[in-house]
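In what follows, a structure is listed as structure tokens, so that the remarks can point back to it.
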Amino acid sequence: MAPGIAAEVPSPLQIQITSTEERSSMLKSWSVYLLEVDDFGRKFTLEKRFDDFNQLHSDLREVEPGMPPLPEKKFMASTDASVVAERKPAFERILRYLLRSEVAVHEKAQTLFKFLELPPAAVVAFRYLFKTQRVAFARQCGKLTDPKWEKDSYRLSHPAVLRTSLRLLEEGALKEAEPEVQGEAEVAVVEMLRFALGSGNETTRQFFLQEKGVGVLLRYIFRKGKKDPSAGPDQRARGVLNALIKVEGEHFPAVMADFLQKGGVSALQEGTELLRHPGFADFISKLLWIAWDVQVQQVFFAESSRPEALALLSQLFVCPSKGARVCAGLLLANALCHDQLGAERNAAQAAEGLRQLTEEMASLGSWESQEPEDVEVRNLVQGLGQNAERFGRILTCAQAPWEQNQGQLPDEGSPLWPGATFSLWCLLRMKPDPSRLSQLRPALPAVAQGAPPRARWLAGELLLQLQLQVPSQLDSKMDAIVETSIQERTALELSLQEMFEHTRRSLQSELGESSQVIETQQRLLELRQQPLPMATGSSVAGSGWHQPLEAALAKLQTAREELSRALTDAARQRETAQSAVHDVLEMELTTDSAEDQQMDQQLQCMRQTEAEYTARHSEQEQQSSLLKSQEEEVATANTAMEAADKVLQEMRSRIAGYEADISSRQREESPPCQPS
């Protein structure tokens, strides 16, 4: 074996002499050897004579002296059967040796490739397979993804090229290259993988999975992410995974299950520290959700990997990305629905986490809100349920409590309710066509009246949404539609009435607390507005100790005025809010559409008032913080004043001592009085 031969790489260039033919002219005859060349899966045939092999051997003897010897040339015997039988295997040994020789393959004159009549694309792709030159030829090989090389790009789908690309992405493979060269090579390698998966056949994709390509890509994404987390997951590497998801289609869950079963959970766990960044949290949560069927859940929560799996979902629940938290909620809801979490304690913790997440998401605007944040969440949830299969998962979770209980609603403590409640919130945000809810809709009236509170209210809102989507054409089933509509309207009114009552009580409680805070602040303001007593005793001229105190008092007075204005505005908003609550209390639900509209307007007004009050309350807290800061400055000034008084007293004491000492000395030095 020649030094430098890449023996571990299956050669995509295969040579075989399939047959020989005898040719002749008027003066002599000779043998022609028919070479079948397998060029990365596409075959063609060449005709070569002994002289051609002799020239090849002569040209490469110096660069590769270890190649097998050439058979002797025999005069006037080239067509003899014995000679042909001897030469045929010898020629094949020479060619196969040269194709495995790194020296011959990278020879500058390309003698071997010219002999085999191979195009430049084949030369570049074949040289890319040898270890010492991979990085250099990665950039050239990557150019085959350009549309102008369409006829030659099939070589990128060959298993040998795929294996080389995956090995280059492994940690350390590109480490020794210059940073600029390394970056360009990485881009080329990732693009080649994306192209191969997107345009290759089933054999290409199976080989990619056999080589654990999904794990290689994830490690590459996490490795790059740890260097610069703010940049998010590498978009080109994500493109490779997207290409795999697209071509696998409905079979991708099986691919993901196989990956998870072979250590995929640990591979995902390597990116846990990156979940603090929204881009990575969105990437991992969506990757799991796309494949989240029952088989994937079983593998993900297998006993051997369950602690890692639960830790990963826990990190998604507290990540900064709202979209990733919604996706994690759906992942857990499905796991609860199919009882995949194992220990009862795990299910209880997951149910509590879903309750908290539902309350957080339900605090956002209504499903008709056009606020940017609400629109963003609505678009996100619609994307999660756009596919029919994924929408079916959400629907299954929403129906689980009664589907798994023989059509009866379970008690409110059932672990199925948190997942169903969150799924109802998702369905409400999606605003789906009524036809997609045909299985769920008959049960909504019962849910709106007998489920836990949040589930009842969400079911009521979903019924309201369905009621507003009136069919454009009514058919012969008009009576059934009317009867169903009446049932839904009854449940809707009860649910909304309960929700309004709950909202009223919450508002009253918040208003009561806010009133107490305002009263306390007003009393505090009155106390602070009282003049501060200041000593008017004598001071040392030019000491300036009172100047910081005066500046602090001026700032304090300004803060008092701002706080007074804020409290006045807050009191006015509180009165407006109380008036709105009073109006809501006096409203009655009715079937009249005009009154329904008035009710909606009143509710919107109440929400707007509440938002304005919250803003004023926040402003009040800021002013209180400023006032506290001013008080600290006053305290500092008081301390300085006390220190100055202390110094003044010491100076007075010293002066008094000096005066007494001087008087004593004067008495001693005065001459005594003489008698007259």
Side-chain angles (χ1 to χ4, degrees), residues 2-15 37-42 60 63-64 95-200 204 207-208 211 213 216-217 220 236-237 240:
I5 290 177
E8 76 280 4
V9 179
S11 177
L13 288 180
Q14 300 288 339
I15 308 297
V37 181
D38 187 339
D39 175 14
F40 288 79
R42 296 187 181 181
L60 294 177
V63 298
E64 188 52 272
L95 291 175
R96 288 169 183 165
Y97 182 94
L98 291 175
L99 286 173
R100 296 172 59 193
S101 168
E102 189 166 0
V103 176
V105 168
H106 289 92
E107 188 245 349
K108 188 175 181 180
Q110 300 184 14
T111 303
L112 175 60
F113 298 109
K114 290 177 180 177
F115 175 85
L116 296 175
E117 301 178 21
L118 290 168
V123 178
V124 171
F126 191 65
R127 286 178 169 179
Y128 173 58
L129 305 179
F130 288 78
K131 283 185 177 180
T132 59
Q133 299 292 330
R134 283 178 182 173
V135 176
F137 281 96
R139 293 180 292 172
Q140 296 185 36
C141 198
K143 295 178 181 178
L144 295 181
T145 60
D146 193 297
K148 69 181 181 181
W149 294 99
E150 182 178 359
K151 293 182 179 179
D152 296 294
S153 59
Y154 72 91
R155 296 178 177 89
L156 299 180
S157 301
H158 194 277
V161 178
L162 275 178
R163 176 179 292 172
T164 301
S165 297
L166 289 172
R167 288 180 178 178
L168 274 176
L169 285 187
E170 288 287 1
E171 187 172 10
L174 294 168
K175 219 171 188 179
E176 298 179 358
E178 295 293 331
E180 183 178 352
V181 175
Q182 177 182 348
E184 294 178 358
E186 282 185 351
V187 170
V189 169
V190 174
E191 281 298 306
M192 284 191 284
L193 287 172
R194 181 195 59 78
F195 183 88
L197 289 177
S199 60
T204 303
F207 187 82
F208 174 83
E211 293 292 307
V216 172
L217 282 173
Y220 170 73
R236 290 185 174 88
V240 179

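Using modelled atom types and a 3.5 Å distance limit, the side chains of Thr145 and Glu191 yield no donor-acceptor pair.
Residues Ser157 and Ser199 form a side-chain contact, since some pair of their non-hydrogen atoms from C-beta on lies under 4.5 Å apart. Side chains of Tyr128 and Arg155 form no contact here, defined as non-hydrogen atoms less than 4.5 Å apart. Side-chain contact between Ile15 and Asp38: absent, with no pair of heavy atoms (C-beta onward) separated by less than 4.5 Å. Side-chain contact between Phe115 and Leu98 is absent, with no heavy atoms from C-beta onward closer than 4.5 Å. Considering only heavy atoms from C-beta on, Arg236 comes within 4.5 Å of Val187 through its side chain. A 4.5 Å side-chain heavy-atom check between Leu217 and Phe208 finds at least one atom pair inside the cut-off. Under the 4.5 Å side-chain criterion, counting only non-hydrogen atoms from C-beta, Phe137 is not in contact with Leu129. A 4.5 Å side-chain heavy-atom check between Leu116 and Asp39 finds every atom pair outside the cut-off.
Here OG of Ser153 is found 10.0 Å from CG of Asp146. Values are rounded to the nearest 0.5 Å. To the nearest 0.5 Å, the span separating CG on Leu13 from CZ on Arg96 amounts to 13.0 Å. To the nearest 0.5 Å, atom CZ of residue Arg42 and atom NE2 of residue His158 are 12.0 Å apart.
The heavy-atom pair separating Pro12 from Phe126 by the smallest distance is CD-CE1, 3.7 Å. When all heavy atoms are compared, the tightest approach of Asp152 to Ala121 is CB-CB, 3.4 Å. Closest of all the heavy-atom pairs between Phe130 and Arg100 is CE2-O, 4.0 Å. Of all the heavy atoms in Ala188 and Gly142, the pair that sits closest is CB-CA, 4.1 Å. Of all non-hydrogen atoms in Cys141 and Met192, the two that sit nearest each other are SG-SD, 3.6 Å. Nearest heavy atoms, Ala196 versus Thr204: O-CG2, 3.7 Å.
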| Verdict with supporting geometry, Thr164 and Val189, side-chain contact (heavy atoms from CB on, under 4.5 Å) | CA-CA 9 Å; Thr164 301; Val189 169; over 6 Å; no
| field | Candidate pair Gln182 and Val135, rule side-chain contact (heavy atoms from CB on, under 4.5 Å), full reasoning | value | CA-CA 8 Å; Gln182 177 182 348; Val135 176; over 6 Å; no
| Does the side-chain contact (heavy atoms from CB on, under 4.5 Å) test come out yes or no for Val37 and Leu118, once each step is laid out? | CA-CA 9 Å; Val37 181; Leu118 290 168; 4.3 Å; yes
| message | What verdict does the side-chain contact (heavy atoms from CB on, under 4.5 Å) test give for Glu184 and Arg139, after you've listed the backbone C-alpha separation in whole Å, the side-chain angles of each residue and the deciding distance to 0.1 Å? | response | CA-CA 7 Å; Glu184 294 178 358; Arg139 293 180 292 172; 2.8 Å; yes
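Partners of Glu211 by salt bridge (Lys or Arg N to Asp or Glu O under 4.0 Å), not counting sequence neighbours, listed by chain and number: Arg163.
Judged by distance alone, with hydrogens and angles left aside, the side-chain atoms of Ser101 form no donor-acceptor pair with the main-chain N or O of Tyr97 at under 3.5 Å. When atom types are taken as modelled, the side chain of Ser11 and the backbone of Gln14 share no donor-acceptor pair closer than 3.5 angstrom.
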For residues 106-114, which side-chain donor-acceptor pairs fall under 3.5 Å, sequence neighbours excluded?
residue : atom : partner : partner atom : Å
His106  : ND1  : Glu102  : O            : 3.0
Glu107  : OE1  : Gln110  : N            : 3.2
Glu107  : OE1  : Thr111  : N            : 2.9
Glu107  : OE1  : Thr111  : OG1          : 3.0
Glu107  : OE2  : Thr111  : OG1          : 3.1
Lys114  : NZ   : Ala109  : O            : 3.2

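Ion pairing between Arg167 and Glu170 fails under the 4.0 Å rule for side-chain N and carboxylate O.
Heavy-atom neighbours of Glu150 CD from other residues, nucleotides or ligands within 6.0 Å: at or below the threshold of 12.
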